[in-house]
Amino acid sequence: YGGGSGAGGVNGFGGGRAGCGGGAIGRPAGTSGSGFAGNVNTGGAGSGGAAGGGNEPFYPGAAGGSGIVIITYPGPAKYTGGTVSCVGNKVIHCFTTSGNLTYCSRVLMAEYLMVGGGGGGAYQWAGGGGAGSFSTGFVAIDGSYFNTPISVVVGAGGAKGTSGAC
């Protein structure tokens, strides 16, 4: 699943529930403060800021969680890069930050899973950010990439909303 949406901040009532996949929950009813950040490497979104009303200050939202890229293929290992592990007959390369995947063998069909960074929560009494995108599929890597680093980019979460200005 992709990252969950962050819940909004609500004047005096607290935010809503977070979505699946790392979205941040809204502030509890009757509390004030900044939003909560989305979970790291899930694409979860940050929640919006909230205030109890009256003369309280405005509060910022929170940043969205970063994404993740996972690449798998039948063993033995044919790449270097990321955190490498083996489960059964599958080799897994996990990228929680951007890096390089270097191909060290012949033609290969690899499977991938990508989750984009989640959106940041909005400023004061506003909604949470949106979930990071989600994509899976297969890709053939031919011999022309032999010993050539392939850039793997893991998206950061969106910035928090810090101003009520339009």
(message) S98: which residues meet the side chain to side chain contact (heavy atoms under 4.5 Å, CB included) condition with it, sequence neighbours left out?
(response) V153, V154

(message) Checking T96 now: which residues fulfil side chain to side chain contact (heavy atoms under 4.5 Å, CB included) with it, not counting sequence neighbours?
(response) N41, I68, C94

(request) Nearest 0.5 Å please: distance from the CD1 atom of I70 over to the CD atom of E111. (result) 10.5 Å

(request) Mind checking the CD1-CD1 spacing from I71 to I92? Nearest 0.5 Å is all I need. (result) 11.5 Å

With a cut-off of 3.5 Å and sequence neighbours excluded, list every side-chain donor-acceptor pair involving residues 83-91.
none

(message) Suppose we screen for ring pair (Phe, Tyr, Trp, His ring centres under 6.0 Å). Which residues come up paired with Y79, at least two apart in sequence or across chains?
(response) Y73, H93, Y103

(message) With a 4.5 Å cut-off on side-chain heavy atoms, are Y112 and V139 touching?
(response) yes

